[in-house]
There are 2 protein chains.
Amino acid sequence: MYRIGELAKACKINNDTLRFYEKNGLLRPSDRSDSGYRLYSEKDKEILQFILRAKGVGFSLAEIRELLSIEVDKANNACADVKELVDAKLLDVEQKLAELTRFQTSLTRLSEACCGGEESAEHCTILAALESDTSQVRHEHHHHEAS
Amino acid sequence: MYRIGELAKACKINNDTLRFYEKNGLLRPSDRSDSGYRLYSEKDKEILQFILRAKGVGFSLAEIRELLSIEVDKANNACADVKELVDAKLLDVEQKLAELTRFQTSLTRLSEACCGGEESAEHCTILAALESDTSQVRHEHHHHEAS
DNA sequence: ATAAACCTTTGAGTTAAGTCACAGGTCAAG
DNA sequence: CTTGACCTGTGACTTAACTCAAAGGTTTAT
Ligand SMILES: [Zn+2]
Ligand SMILES: [Zn+2]
Ligand SMILES: [Zn+2]
Ligand SMILES: [Zn+2]
């Protein structure tokens with residue numbers, strides 16, 4: 001069992017953030033000590049890591065709460081409910097993945113096209129990489145000739 | 001050229017959000033009409049879409065501003081600066097991609113394991129799918145036998 | 001030519017997600 | 001048996017990212 005400070009430190013967040021998550025229905029510690037300390041289990045830690053990962057990829061706490069509610073309410077929800085929510089989130093995730101892949105392509109293209117030298121980056125732009133096809137970026141970039 | 005309301009409607013955001021982005025150095029309209037109206041070009045629209053996509057995958061406005069500054073300052077930045085920033089963001093993106101892929105795997109696994117019926121979703125949990133290996137989830141899930 | 005529907009600026013209010021401050025209880029080490 | 005590092009609760013404050021309000025100018029539609 002982790003006490004609040006231990007779990008917070010392990011996950012590099014503020015103690016108050018844990019209390020905040022508890023108050024907002026995201027993560028309730030599995031137990032309390034006699035003196036009232038919050039006691040978090042390994043599973044609690046995994047839930048927290050799930051929350052932090054989800055946050056990192058752009059889910060709001062409300063969305064995360066919704067995802068976690070599957071867990072909490074499993075006895076009172078039908079498989080139909082679960083599947084509906086999961087499939088909706090899956091769509092979200094797949095859309096985000098598509099966007100991110102696009103970003104990755106653009107940034108990679110840009111990074112590869114860029115010489116990394118000390119000259120003016122006249123042709124180095126994210127938007128050029130985003131807007132145009134690969135061919136364009138490679139073509140126009142990087143003459144740096146002595147004028 | 002789009003006027004503020006047109007661009008806002010086209011991109012499904014609030015007019016005020018565009019003014020806000022302008023004030024915060026994210027998107028300045030290419031031109032103004034004689035009467036002072038903001039006039040946005042096609043390129044401005046693409047920048048806006050870039051901003052909205054970036055937001056959607058979890059970049060903060062500060063980070064987006066940084067990405068866009070490559071564009072704005074290109075004449076005053078060396079390729080070295082550009083490459084450094086781009087490579088840093090690329091790392092970010094790749095990390096987000098890894099997380100999202102993990103989410104996708106878990107959600108897909110859960111969705112596939114779930115019958116979608118009206119029975120209690122006792123075994124349907126995100127966390128089970130996240131924590132365990134595929135085998136476990138498939139195994140334990142979905143007996144729904146008449147008790 | 002006048003109302004409706006835009007636009008302008010400045011500045012205040014809201015929501016999400018923390019973060020901090022206060023007043024006091026608990027516990028391990030010296 | 002006290003000091004310092006924890007913990008408790010309640011509630012106020014902060015930051016990011018909008019969102020709205022007020023007061024007035026402009027354009028379009030009838
Ligand atoms: Zn370059
Ligand atoms: Zn170069
Ligand atoms: Zn199911
Ligand atoms: Zn089922």
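Numbers restart at 1 for each chain; the letters A, B, ... are given by sequence-line order, proteins then strands. The analysis underlying the following values was restricted to heavy atoms, covering all of them including side chains, and did not include hydrogens, waters or symmetry mates.
To the nearest angstrom, P of dA17(C) lies 7 Å from CZ of F20(A). The separation between R65(B) atom CZ and dC18(D) atom P is 11 Å, rounded to whole Å. N24(A) places its CG atom 14 Å from the P atom of dT10(D), with the value rounded to the nearest Å. Between E22(B) atom CD and dC7(C) atom C1' there is a gap of 13 Å when expressed in whole angstrom units. If you measure from atom CG of D16(B) to atom C1' of dG13(C), you get 12 Å, rounded to the nearest angstrom. Distance K23(B) NZ to dA12(C) P: 11 Å, rounded to the nearest Å. One interatomic measurement links the two molecules: CG of L39(A) to P of dC27(C), which rounds to 11 Å at whole-angstrom precision. Atom CD in E63(B) sits about 18 Å away from atom P in dT15(D), given to the nearest Å.
Residues K55(B) and I4(A) each lie close to DNA chain D; by heavy-atom proximity, the contact nearer the 5' end of the strand is made by I4(A). The residue among D34(A) and Y21(A) whose nearest nucleotide of DNA chain C is located toward the 5' end is Y21(A). For the pair R3(A) and T17(B), both in contact range of DNA chain D, the more 5′-proximal nearest nucleotide belongs to R3(A).
In this structure, the nucleotide among dT27(D), dA17(C), dT8(D) sitting nearest to the side chain of S60(A) is dA17(C). Among the nucleotides dG25(C), dG9(D), dT26(D), the one closest to the side chain of Y37(B) is dT26(D).
Other residues, nucleotides and ligands place no more than 12 heavy atoms under 6.0 Å from the CD atom of Q95(B).
For K89(B) and F103(A), the positive end is not near the middle of the six-membered ring at less than 6.0 Å and at most 45° from its axis.
OP1 or OP2 of dT8(C) has not a single side-chain nitrogen or oxygen of S35(B) nearer than 4.0 Å. R38(B) has a side-chain polar atom (N or O) that falls below the 4.0 Å cut-off from OP1 or OP2 of dT8(C).
The residue S33(B) sits apart from the nucleic acid: no heavy atom pair falls under 4.0 Å. Among the protein residues, N14(A) comes within range of the sugar-phosphate backbone only, with heavy atoms under 4.0 Å from sugar or phosphate atoms but none that close to a base. At a threshold of 4.0 angstrom between heavy atoms, the contacts of R19(B) include nucleobase atoms, whether or not backbone atoms are also involved. Using a 4.0 Å heavy-atom criterion, one finds that N15(A) contacts the sugar-phosphate atoms exclusively.
Residues Y37(B) and Y2(B) place their aromatic rings such that the two centres sit no closer than 6.0 Å.
L52(B) and F50(B) fall within a single hydrophobic cluster, where Ile, Leu, Val, Met, Phe, Trp and Tyr are joined by side-chain heavy atoms under 4.5 Å apart, directly or via other members.
The minimum heavy-atom distance linking S111(A) with K83(B) is given by the pair O-NZ, 2.6 Å.
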